[in-house]
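Let me begin by presenting the structure, written as structure tokens, before commenting on it.
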Amino acid sequence: MSKYRSHTCGELTKKEKGSHVILSGWINKKRDHGNLLFIDLRDNYGITQCIIDKENNFFKELEKIQLETVIKVEGTVSERTKETINKDIKTGEIEVQISSYEVLGYCKELPMPVFSDQEYAEEIRLKYRFLDLRRKKIHDNIILRSKVISFIRKEMLDEGFLEFQTPILTSSSPEGARDFLVPSRLNPGKFYALPQAPQQFKQLIMVSGFDKYFQIAPCFRDEDARADRSPGEFYQLDLEMSFVEQEDVFKVVEKLMISVFKKFSKKKILKEKFPRITFEDAMLNYGTDKPDLRNPLIIKDLTPIFNREDVKFDIFKKLVKSGSIVRAIKTDNTKDKPRSFFDGIDNWAKSQGASGMAYFTFEKDKEIKAKGPVGKFFSTDALSEIMKITNAKVGDSIFFACNKENDVLKLVSTARDKIAKDLNLIDENSLAFCWIVDYPMFDLDEKSKKVIFSHNPFSMPQGDDKKLNFSKPLEIKAYQYDIVCNGTELSSGAIRNHKPDLMYKLFSIAGYAKTEVDEKFKGMINALSYGAPPHGGIAPGIDRIVMLLADEKNIREVTMFPMNQNAQDLMMNAPSEVSENQLKELNLQVRKK
RNA sequence: GGGGGUGUAGCUCAGUUGGUUAGAGCGAUCGCCUGUCACGCGAUAGGUCGCGGGUUCGAGUCCCGUCACUCCCGCCA
């Protein structure tokens with residue numbers, strides 16, 4: 001028998017009645033009745049009530065012992081009387097009569113209580129993460145994460161994928177996020193970069209003939225954090241397949257996603273065959289390429305309305321003349337909503353930095369009218385046209401905004417979420433997956449007006465490469481795709497460009513000379529020149545999947561040891577200064593500000 | 001880099017129009033209590049009101065600056 005325990009704190013039942021047991025764990029809670037003391041002993045597996053009274057020599061000591069002290073108790077299992085059974089815990093039918101105990105690990109006065117449902121400031125949680133992680137909810141989240149990863153790994157192996165590790169110290173790449181750099185001692189003045197993703201390596205694995213690869217891969221990007229984005233590092237299920245088209249990747253990933261979410265989430269998957277939405281349609285109907293499809297609201301374009309003679313809304317008309325556009329959201333049967341509902345949306349829009357959102361409600365006595373502050377600017381004909389475009393009926397309302405395309409899309413897409421939330425239109429118990437497909441290969445950089453890669457420079461352009469019209473690069477689409485669930489981008493992938501000539505051509509459109517491509521992407525472009533199979537893949541974000549499964553709004557709730565928003569680890573005190581000697585060895589000098 | 005929110009006891013928070021000695025619950029310490037499971041009861045200790053400056057007879061409260069945490073924008077091929 002183990003020196004420390006005969007059972008865990010989560011397994012004793014009536015069956016063990018009368019047996020002598022040893023338990024070890026943390027003191028979760030004490031209830032001291034003066035001559036009778038209850039101790040809830042906790043470990044990873046559960047809680048067992050232990051009991052001792054004043055007749056026992058250890059009673060006085062245990063009365064004084066700190067919560068969260070680790071102790072070993074020996075005693076006898078006894079059945080609880082009917083009235084004292086605790087149905088909330090697995091071991092609630094029994095309790096352990098303590099005969100002796102031993103302290104295994106002392107505990108100082110706690111900076112934060114462990115046994116409590118209270119919320120705490122992140123600062124203290126992160127500083128004492130080892131205490132925070134003892135708390136039930138986050139403890140369970142981390143266990144869930146472990147189970148999800150094991151499950152995914154098993155599924156991938158069953159599908160015939162091979163798991164490989166790729167280098168953590170690699171080279172800096174010019175595209176994409178900021179790199180984390182690591183100075184090289186043996187190569188003074190030179191730096192490694194931590195991989196933003198194993199992108200080039202997984203393609204090289206395909207060129208090496210391994211056919212199907214996956215990895216639970218750490219990825220490093222030196223960009224600012226968000227609630228759903230850890231600063232610094234995160235994990236992807238990185239996968240790549242040879243001799244495949246887009247459909248083949250979809251098939252594998254859709255199956256995996258469905259089985260993961262069916263196994264670990266109680267929520268209903270709305271469509272098991274993920275709807276496919278083109279990037280263009282997504283931007284038009286939802287104003288974003290990560291739409292929440294639980295939300296029934298659709299965005300419509302009202303720009304032409306503001307060119308009509310019988311519309312007198314001069315502010316918008318003037319803006320439209322100078323190139324702005326108008327987008328609108330219709331809400332069903334909102335005629336009886338109080339003024340505060342409409343003004344609430346308008347004020348919210350202003351708080352987002354916009355000039356607000358105009359609105360009116362369709363009414364009818366003899367003819368169609370618009371009720372609301374700006375309703376008077378629209379003729380009956382114009383209103384009928386708006387009703388046609390937005391599919392509205394009498395009693396519905398319209399919210400609309402006018403601005404340059406990028407700004408109006410950002411506002412209206414978030415307004416879509418805000419309005420749906422206010423109207424309680426979102427079913428929190430459902431999961432709405434979709435594919436976003438047909439991303440453009442290139443984009444126009446707002447500032448420099450230059451053509452840049454819109455996503456991944458290694459993606460394969462759609463269509464016959466001999467017939468591609470390179471003079472209109474913005475019209476070229478790529479075999480580039482995302483999975484979105486409930487408004488969260490879960491993964492991003494592509495069929496890769498395995499043809500060096502085509503790649504040089506595409507890079508030249510984005511302003512890279514051949515020599516530059518050879519230099520920056522040496523390993524890959526070289527490899528593609530020695531017989532590369534057509535291949536493609538995707539990389540679902542592990543942290544975000546677990547976040548959705550655990551129903552958490554913040555990625556730190558599913559990360560064991562996260563950094564704070566400023567990319568600091570408050571527990572380990574990272575980043576930190578290093579000694580002059582270390583710097584010297586690395587040929588580095590810190591520039592004083 | 002920019003915008004919003006928060007900052008009061010170890011923890012979670014209250015603190016009115018600026019006005020006596022800044023409060024509560026949990027935790028800690030001490031005492032009472034033999035069936036609790038958020039046990040109960042009593043007492044004690046615990047405060048640079050984030051920090052600095054200003055206005056005022058008087059600032060936790062008003063103003064300016066600054067720092068920390070957090071949410072968002074930029075950024076994240």
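Residue numbers begin at 1 in each chain, while the letters A, B, ... track the order of the sequences.
- Between the NZ atom of Lys108(A) and the C1' atom of G27(B) there is a distance of 16 Å, rounded to whole Å.
- Separation of the C1' atoms belonging to G65(B) and G27(B) is 36 Å when rounded to the nearest angstrom.
- Looking at every heavy atom in both residues, Ile51(A) comes nearest to Gln97(A) through CG2-OE1, 3.3 Å.
- A cation-pi arrangement is found for Lys514(A) relative to Tyr504(A), the charged atom lying closer than 6.0 Å to the ring centre and inside a 45° cone about the ring normal.
- Rounded to a whole angstrom, the distance from the P atom of G50(B) to that of A22(B) is 15 Å.
- Taking atom CH2 on Trp348(A) and atom P on C71(B), their separation rounds to 19 Å, with Å as the unit.
- If you measure from atom NZ of Lys350(A) to atom P of C73(B), you get 21 Å, rounded to the nearest angstrom.
- Within the 4.0 Å cut-off from OP1 or OP2 of A68(B), not a single side-chain nitrogen or oxygen of Asn566(A) is found.
- Contact detail for Ala420(A) and Asn295(A): the closest heavy-atom pair is CB-ND2, 3.2 Å.
- When each of Gln66(A) and Lys410(A) is assigned the nucleotide of RNA chain B bearing its nearest heavy atom, the one mapping closer to the 5' terminus is Gln66(A).
- OP1 or OP2 of G3(B) has not a single side-chain nitrogen or oxygen of Gln352(A) nearer than 4.0 Å.
- Between the P atoms of A68(B) and G47(B), the separation comes to 26 Å (whole Å).
- Annotation: side chain to side chain donor-acceptor pair (under 3.5 Å) contacts of Gln199(A) (sequence neighbours excluded): Gln203(A).
- Under the side chain to side chain donor-acceptor pair (under 3.5 Å) criterion, Ser459(A) pairs with Gln480(A), sequence neighbours left out.
- A straight line from CG of Leu490(A) to P of C76(B) spans 20 Å, rounded to a whole angstrom.
- When distances are taken from the side chain of Arg229(A) to each of G31(B), G74(B), C69(B), the shortest belongs to G74(B).
- Across all strands shown, A9(B) forms no Watson-Crick or G-U wobble pair with both key distances under 3.5 Å.
- For the residue pair Val408(A) and Ala401(A), the shortest heavy atom distance occurs at CG2-O, 3.4 Å.
- When the P atom of U6(B) is taken as reference, atom CZ of Arg125(A) falls 21 Å away, rounded to whole Å.
- Look at the C1' atom in both C11(B) and U17(B): the space between them is 32 Å, to the nearest Å.
- Separation of the P atoms belonging to G1(B) and U12(B) is 28 Å when rounded to the nearest angstrom.
- Among the heavy atoms of the strands, none lies under 4.0 Å from Asp443(A).
- Nucleotide C32(B) forms a pair with G40(B), judged by Watson-Crick or G-U wobble geometry with both contacts under 3.5 Å.
- We find that Glu557(A) and Arg125(A) are joined by a salt bridge, their nearest charged nitrogen and carboxylate oxygen being less than 4.0 Å apart.
- Residues in residues 44-93 of chain A take part in these ring pair (Phe, Tyr, Trp, His ring centres under 6.0 Å) pairs, two or more places apart or across chains: Phe58(A)-Tyr101(A).
- Distances shorter than 4.0 Å separate none of the side-chain N or O atoms of Arg221(A) from OP1 or OP2 on C75(B).
- Residue Asp224(A) contributes atom CG, which lies 12 Å from atom P of C72(B) at whole-angstrom precision.
- Side-chain atoms of Asp289(A) and Tyr439(A) form a donor-acceptor pair, as typed in the model, at a separation below 3.5 Å.
- Ranking G74(B), C76(B), C71(B) by closeness to the Glu223(A) side chain, first place goes to C76(B).
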Under a 4.0 Å heavy-atom criterion, the protein footprint on nucleotides 7-12 of chain B, written with B, S and -, is ---SSS
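- Using a 4.0 Å heavy-atom distance criterion, Ser116(A) is classed as making no nucleic acid contact.
- The distance from atom CD of Gln196(A) to atom C1' of C76(B) is 9 Å, rounded to the nearest whole Å.
- Distance Gln565(A) CD to C76(B) C1': 14 Å, rounded to the nearest Å.
- The residues Lys17(A) and Glu79(A) are annotated as salt-bridged, a charged nitrogen and a carboxylate oxygen being separated by less than 4.0 angstrom.
- Looking at heavy-atom distances under 4.0 Å, Lys127(A) makes no contact with the nucleic acid at all.
- Nucleotide U66(B) forms a Watson-Crick or G-U wobble pair with G50(B), both donor-acceptor distances falling under 3.5 Å.
- Under the 4.5 Å side-chain criterion, counting only non-hydrogen atoms from C-beta, Ser78(A) is in contact with Glu95(A).
- Residue-level contact check: Arg556(A) touches the backbone only, with heavy atoms under 4.0 Å from sugar-phosphate atoms and none from bases.
- Taking the P atom of each, G18(B) and C63(B) are spaced 11 Å apart, rounded to whole Å.
- Nucleotides G7(B) and G60(B) have their C1' atoms positioned 12 Å apart, rounded to a whole Å.
- Applying the side chain to side chain donor-acceptor pair (under 3.5 Å) rule to Arg134(A) yields the partners Glu68(A); only residues at least two apart in sequence or on another chain are considered.
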What does the B/S/- profile of nucleotides 33-43 of chain B look like, 5' to 3', with a 4.0 Å heavy-atom cutoff to protein?
BBBBBSB----
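- Between the P atoms of G74(B) and C67(B), the separation comes to 24 Å (whole Å).
- Distances from the side chain of Leu126(A) to the nucleotides C71(B), U70(B), G31(B) place U70(B) closest.
- Nucleic acid contact class of Asn564(A) (heavy atoms, under 4.0 Å, all strands): sugar-phosphate only.
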